Structure formats: C-alpha cells, structure tokens
2 protein chains.
Amino acid sequence: MAKEKKQEVDEEIEEVKESENDSIEKEAEDIDIPEISEVEELTNKFNEMEDKFLRARAEIANMSNRNKNEREQLVRYRSQDLGKKLLPAIDNLERALATEVTDDHGTSLKKGVEMVLESLTVALKEEGITEIEAEGKIFDPNLHQAVQTVPAEGDTKPETIVNVLQKGYQLHDRVLRPAMVIVAQ
Amino acid sequence: MAKEKKQEVDEEIEEVKESENDSIEKEAEDIDIPEISEVEELTNKFNEMEDKFLRARAEIANMSNRNKNEREQLVRYRSQDLGKKLLPAIDNLERALATEVTDDHGTSLKKGVEMVLESLTVALKEEGITEIEAEGKIFDPNLHQAVQTVPAEGDTKPETIVNVLQKGYQLHDRVLRPAMVIVAQ
C-alpha cells in the first residue's frame, strides 16, 4: 500500500469513526437521557404516592379518633332532649303534690303520684340527669339564674342563694336549665 | 480511486464499524442492565405504594359510611333507655288516674296528673316512642304478648285482640315492650 493511499484510507476511517461517534452520542442521548429521567420520574411518582398514602393513613387515624369522640359524646348526652322535655312534667308533679288532700281517694292518688315522681327522678339520675344544688350555695351564673335579690341578713354571706323558685337540672357537666333563685346581697 | 482500493477501504471501514458496535453494545450492557432493574424495582415499589394508597382510600370511604350509619342509629335510638324507664311511670300515672276522687282537692290533683301524663306522652312521641296499636287488631307476636285467650264470639275473627292488659310501646321500628293482650280464638 502506498503511503499516500494509506493516509487516504486512514482519513476515511477517521471520518467514519467520527460519524460513528456522533451516532453513538446520538444513540446515547436517545437511550440514556430517557433512562435517567424515567428513574427520576418514577422516583417522583413513588414519592408523591407515598405522600398520598401517608396522608390517607393519618386521615384514617384522625377519623377513627374523631368518630370515637363523637360516639362517646352522642352516648353521654343522648338523653338531653327527652330529659329536657321531662322537666316540666316533674315540675307539674311536684306542684300537684303540693295540693292538700282531705279524703282517702285523694291520699291514695297522691301516694301514686309520689311513686311516679320518685321513679322519674331515678330514671333521670340513671341517665346522668341530676338536680343542680342551689339552696345555701354561693351563686354561680353557670348554674343559677338570679331572678331576685334580697339584703343578706344575720350570718348569711353575700351571693348566697336563699331560695329556689324553680329547680335546675344538669346532664353530667351540661346544664339543661339553670336553677331560678333568690340571692342575698 | 481504483475499484480494488475502494473495496479495501470499505473493508477497513466495516471492521472499524464492527469494533465500534461491539463497544456500543458493551457500553449498553454496562449502563442498561442496572438501569432496567432500577426502573423495575421503582415500578414495583410504586405499584405496591399505589395499592396501599388505594386500600387506605377504600378504608376511608368504608369508615365514613360505617360511622355515618352508627351515628344515625345512635341518634335514632338514643331515647331507648330513658324511654323504657319512663314506661312504668306512665303506667302508674294511668293507674292513679283510674282512682275515683270525690272532693275538690282530689279533682284538682287529678287534673294536674292528667296534664303531666299528657306532657310525658307528647315528649315520648317527639322522640319516636309511640303506643303499639293492639285492641281490635290481629295478634302479631312481634308486637303483642298473649297472656290469655278467650273463645271468639259473634263477628270477632280468630286471632283478634279483644283486650289490652298493659299498653305496649315501640321506638320507631323497635319494640320497647310488647302489649300484654287477651286474644280471641
């Protein structure tokens, strides 16, 4: 092979190599860049999904607690509405019992009413509904409603409840109606 | 360029191309195999996480429905316990009212008791507690309890309730206590 020819060949080879290199680089662009971005994309998708899952799991825990609390509140205060509606009936029974009776029939009727009142009070107590303590206690605006004040006499301290005009009732910590009271000042 | 020379050059070029191809394939092996397994691994991880997320989301929907139902049931039947306890009081008031009174005091007491009974019945009704229909109805073992049977007389069809010894009550569709009845046979 002549030197000149050899050089010519080498040049052509070099050209081909270069073009091949170009094509390799091109192929590398075609293959590698999408590969890397696919991994990145998948990693991002995974992270997003993991985030969604962790949020969902937190929501489940929150819902569970919230529902437990709601259920407990519903059970604890379930008798609020019916209990509240029974209070006027109890007032009326107490008022009826204040009636004086003179004959045996009346006495028998009164005895029956006393029993009914007792059974109502017991039923309410079992549901957590109790009378608010008032007479002789210090006035508490959360539990008592002052409808009248009188001057404090003798040993009576100011703000003491001296008379209860209508009984108050509470369901656990919740006031169904305040006691209507007269307060010494 | 002579034809012969041209062929020589082509052959050399072919060789170079092949060796370049080998190197491309080698490079591809070095790069691609870990890339593919990483993609696969990530895809699997993503699918698993997506599955966990979808299950969590389904659980949230289930919890939400379950809790809504539970809440509705708790509200619907909330007065069951207190209502049940009030029934003997109502029985006693009705029994007391059956007492004959002869004087004004007794009449006044009786009027008071009637009012109380009325207000109790209204309160129960508002909570969904109603008397079970019995007298003149066909006996239904889900609602009535037969304590006595009598022969059917005249137009009375068999299985008809001819007398109610104690009223029954239901809370919506739930029987608080069946009516105690006498049935014609």
Side-chain angles (χ1 to χ4, degrees), chain A residues 5 8-9 12-13 16-17 20-21 24 27 31-32 35-36 38-39 42-43 45-46 49-50 52-53 56-57 59-60 63-64 67 70-71 74-75 78-79 81-83 85-86 88-89 92-93 95-96 99-103 105-106 108-110 112-113 115-116 119-120 122-124 126-127, chain B residues 1 5 8-9 12-13 16-17 20 24 27-28 31-32 35 38-39 42-43 45-46 49-50 52-53 56-57 59-60 63-64 67 70-71 74-75 78-79 81-83 85-86 88-89 92-93 95-96 99-103 105-106 108-110 112-113 115-116 119-120 122-124 126-127:
Chain A
K5 188 187 125 199
E8 208 174 318
V9 171
E12 285 209 35
I13 290 173
V16 169
K17 269 190 172 174
E20 286 289 330
N21 273 339
I24 290 168
E27 255 180 80
I31 300 166
D32 280 351
E35 288 289 344
I36 288 167
E38 195 174 349
V39 167
L42 273 167
T43 306
K45 272 178 75 183
F46 172 79
M49 191 51 76
E50 191 183 33
K52 280 162 83 174
F53 166 66
R57 205 171 58 175
E59 171 67 4
I60 288 174
M63 277 178 86
S64 176
N67 290 319
E70 270 181 20
R71 236 182 348 259
L74 278 173
V75 171
R78 62 183 177 171
S79 295
D81 284 7
L82 181 51
K85 285 171 194 154
L86 295 179
N92 285 329
L93 284 176
R95 216 166 287 142
T99 312
E100 263 183 48
V101 288
T102 44
D103 67 347
H105 294 304
S108 155
L109 179 55
K110 201 167 177 174
V113 171
M115 277 173 57
V116 168
S119 74
L120 281 184
V122 168
L124 290 180
E126 283 175 3
E127 290 295 303
Chain B
M1 227 184 275
K5 186 189 130 200
E8 212 177 318
V9 169
E12 283 209 40
I13 289 172
V16 169
K17 269 193 174 172
E20 286 290 333
I24 291 167
E27 251 180 83
I31 300 164
D32 280 355
E35 288 289 343
E38 195 175 349
V39 166
L42 272 167
T43 306
K45 272 178 74 181
F46 172 79
M49 192 51 77
E50 190 183 35
K52 281 163 81 174
F53 167 67
R57 205 172 57 175
E59 171 67 5
I60 288 174
M63 277 178 86
S64 176
N67 290 318
E70 270 181 19
R71 235 182 349 258
L74 277 174
V75 171
R78 62 183 176 169
S79 296
D81 285 6
L82 181 51
K85 286 172 194 155
L86 295 179
N92 284 330
L93 284 177
R95 215 166 289 141
T99 311
E100 262 183 48
V101 288
T102 45
D103 66 348
H105 294 303
S108 156
L109 179 56
K110 203 167 174 173
V113 171
M115 278 172 57
V116 169
S119 74
L120 281 184
V122 168
L124 290 180
E126 282 175 4
E127 289 296 300

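Just so we're clear, the structure is a prediction, and the values are computed from it rather than from any experiment.
Distance CD/Glu38(A) to CD/Glu38(B): 10.5 Å, rounded to 0.5 Å. One distance of note links CZ of Arg78(B) with OG of Ser79(A); it measures 9.0 Å at 0.5 Å rounding. Here Arg71(A) contributes atom CZ and Arg71(B) contributes atom CZ; the two are 9.5 Å apart, rounded to the nearest 0.5 Å. Separation of atoms CZ (Phe46(A)) and NZ (Lys45(B)) is listed at 4.5 Å; rounding is to 0.5 Å. In this structure, CG on Leu74(B) lies 5.5 Å from CG on Leu74(A), to the nearest 0.5 angstrom. The CD atom of Glu59(B) sits 5.0 Å away from atom CD1 of Ile60(A), with the distance rounded to the nearest 0.5 Å.
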Practice task
Evaluate the criterion side-chain contact (heavy atoms from CB on, under 4.5 Å) for residue pair Glu50(B) and Lys52(A); output intermediate values, then yes/no.
Solution key: CA-CA 9 Å; Glu50(B) 190 183 35; Lys52(A) 280 162 83 174; over 6 Å; no
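Contacts with chain A were tallied for Val122(B), Leu124(B), Asp81(B), Thr43(B); Asp81(B) has the most, counting heavy-atom pairs under 4.5 Å. Per-residue counts of heavy-atom pairs under 4.5 Å with chain B were compared for Leu120(A), Val113(A), Leu109(A); the largest is that of Leu109(A). Highest contact tally toward chain A, considering only Leu82(B), Leu42(B), Val75(B), is held by Leu82(B) [criterion: heavy-atom pairs under 4.5 Å].
Heavy atoms of Ser119(A) lying under 4.5 Å from chain B belong exclusively to its side chain. Using a 4.5 Å cut-off between heavy atoms, Ser108(B) touches chain A through its side chain atoms alone.
For the side chain to side chain contact (heavy atoms under 4.5 Å, CB included) criterion with Val116(A), the lone passing option out of Leu86(B), Val116(B), Leu93(B) is Leu93(B).
Residue Met115(A) qualifies as open at atom CE: its count of foreign heavy atoms under 6.0 Å is 12 or below.
Here the closest non-hydrogen pair linking Ala123(B) and Lys85(A) is CB-CB, 3.7 Å.
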